[in-house]
Visitor: 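Here it is, the structure, as structure tokens.
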Protein chains: 2
Amino acid sequence: MRIVKEAEIRKSEILDTAEKLFVRKGYENTSTTDILGEIGIARGTLYYHFKSKEDILIAMIDRQVGQMAAKAKAVAENREIPALQRLILAVSAMKADNGLGKELTEQMHKPHNALMHQKAQAALLSEVNPILTGILKEAVDEGVCSTDYPDAVIDMIMVYTGHTFDDLSEIAEDEREKKIDGFIYNTERLLCAAEGSLRELILPLFAR
Amino acid sequence: MRIVKEAEIRKSEILDTAEKLFVRKGYENTSTTDILGEIGIARGTLYYHFKSKEDILIAMIDRQVGQMAAKAKAVAENREIPALQRLILAVSAMKADNGLGKELTEQMHKPHNALMHQKAQAALLSEVNPILTGILKEAVDEGVCSTDYPDAVIDMIMVYTGHTFDDLSEIAEDEREKKIDGFIYNTERLLCAAEGSLRELILPLFAR
DNA sequence: GACCCTCGACCGACAACCTGTCGGTAACAG
DNA sequence: CTGTTACCGACAGGTTGTCGGTCGAGGGTC
């Protein structure tokens with residue numbers, strides 16, 4: 001009844017299980033007891049490895065975001081691809097990574113998981129923003145678009161999409177399309193790109 | 001020991017107290033018992049008037065947002081003022097309303113109150129966005145700026161400011177200024193206004 | 001090999017909360 | 001006198017985090 005494992009292994013076992021449950025039932029609705037039951041360990045064990053339930057959440061998010069950032073970075077470094085296109089690729093690489101992504105981001109936006117969403121958003125911002133900003137700067141250098149504040153542009157776009165498009169479910173199809181059109185239009189404006197010039201590039205990101 | 005009041009009076013008494021405590025300690029860290037103690041009523045009384053703790057939060061936010069929307073609306077209808085200027089006035093009217101606003105918005109951004117922030121943001125969006133969009137449309141008609149998607153522009157700006165500038169504390173002064181500069185620049189881009197043309201108008205909103 | 005000891009991983013009872021329910025009570029209106 | 005509205009407080013059920021104690025693998029020592 002007492003199975004001893006190396007700390008790192010136990011830790012990721014706990015994270016795996018927590019992730020699964022958080023995705024399925026949401027953060028608030030998952031009790032530490034649920035996690036214990038699923039793994040078959042005792043209360044004390046969990047609190048030996050993590051100092052609180054929130055600590056688990058943070059670790060889980062860091063893991064996810066770290067993976068996403070890594071994928072984005074890999075794409076970012078491939079200088080063969082035109083910068084603007086690479087920017088889009090980096091974003092879609094992150095979406096793809098997210099194996100459980102679909103359900104996770106869906107959960108995220110349920111009001112219950114506000115904390116989870118907020119923490120994920122913050123982590124994503126601080127990890128990924130610099131990477132995307134780097135690519136955008138290259139795009140500006142290439143002369144395909146222009147802005148004096150690439151960092152602020154990425155910020156604005158990330159915050160907006162994180163808030164608006166994660167819960168693509170729920171809303172009506174035509175509503176969604178209108179939002180996407182507006183978003184593309186605004187993005188073109190922010191980058192001083194000709195109207196319609198980014199449409200084909202951006203649209204695939206919203207395919208489903 | 002048993003003081004009977006009319007339902008509406010009790011309700012707003014509860015909301016007042018809850019608001020005070022939520023602002024001071026945050027939503028998660030305020031227990032219903034705290035509220036009871038502060039007012040001097042029994043558990044059952046609170047749950048006679050509200051069906052849950054979250055219900056109290058929602059009612060409190062609706063009250064706040066309702067007041068803010070009303071102020072904004074009042075300003076919006078004053079056609080004497082140029083639309084673009086009116087837009088700014090409407091925004092600053094909302095900030096002013098918020099008597100406890102400073103502390104409230106500060107609390108909002110502490111990770112603990114993610115739920116509160118999220119709900120407030122959503123309510124604000126749906127109430128205030130149409131009002132501001134209306135003003136922006138007038139501005140476009142006046143010819144002082146242009147956009148095909150006024151609604152999306154307001155959306156983007158509200159989401160971004162709600163996320164980024166509420167927690168103006170915490171970050172360094174120069175960091176803050178850079179963010180503001182970027183924001184103004186981006187706003188000008190979104191509205192197709194000449195660079196620098198909105199600066200004097202927008203800047204006062206960030207005064208402190 | 002036999003002994004001991006340390007220390008990391010683990011256990012589970014328990015304290016200290018928390019929210020929401022429910023049967024019952026007081027007062028007022030009609 | 002009766003129905004309704006506002007109120008009470010004990011209590012059920014659930015939550016997180018703590019803490020003293022256990023177990024055993026591995027390292028020294030003889």
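Chain A is the first sequence line, chain B the second, and so forth, proteins listed ahead of strands; every chain is numbered from 1. Just so you know, these numbers use all the heavy atoms, side chains as well, and skip hydrogens, waters and symmetry mates.
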Visitor: Is the shortest distance from a Lys or Arg side-chain nitrogen in A:D16 or A:R63 to a carboxylate oxygen in the other one below 4.0 Å?
Guide: yes
Visitor: From B:I88 CD1 over to B:E200 CD, what is the distance, rounded to the nearest 0.5 angstrom?
Guide: 12.0 Å
Visitor: Using whole Å, report how far CG of A:N29 lies from P of C:dT19.
Guide: 15 Å
Visitor: With a 4.0 Å cutoff (strictly under), does any side-chain N or O of B:Y48 reach OP1 or OP2 of D:dC7?
Guide: no
Visitor: In whole angstrom, give the distance that lies between atom CD1 of B:I9 and atom P of D:dT5.
Guide: 17 Å
Visitor: Mind listing the N/O atom pairs, protein and nucleotides 18-20 of chain D, below 3.5 Å?
Guide:
none

Visitor: From the set D:dT16, D:dC7, C:dC10, return the single nucleotide nearest to any side-chain atom of B:H49.
Guide: D:dC7
Visitor: Rounded to whole Å, how long is the line connecting atom CD1 of A:I35 with atom P of D:dG14?
Guide: 18 Å
Visitor: To 10°, what angle do the rotation axes through the five end pairs on each side of the helix from C:dG1-D:dC30 to C:dG30-D:dC1 form?
Guide: 0°
Visitor: CG of A:L198 to CG of A:L87: how many Å apart, nearest 0.5 Å?
Guide: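 Those atoms lie 10.0 Å apart.
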Visitor: Determine the interplanar angle of the A:Y149 and B:Y185 rings, folded into 0 to 90°, and report it as parallel if under 30°, tilted if 30 to 60°, perpendicular if over 60°.
Guide: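 A:Y149 and B:Y185: tilted rings.
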Visitor: Reckon A:T45 has a side-chain N or O less than 4.0 Å from the OP1 or OP2 of C:dA9?
Guide: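 So the side chain of A:T45 is outside the cut-off, no N or O lying under 4.0 Å from OP1 or OP2 of C:dA9.
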Visitor: Counting heavy atoms from C-beta on, name the nucleotide in D:dC8, C:dC11, D:dA6 closest to the side chain of A:A42.
Guide: C:dC11
Visitor: Pick one: which of B:N113, B:D34, B:T30 meets side chain to side chain donor-acceptor pair (under 3.5 Å) with B:K25?
Guide: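 Only one of B:N113, B:D34, B:T30 forms a side chain to side chain donor-acceptor pair (under 3.5 Å) with B:K25, namely B:D34.
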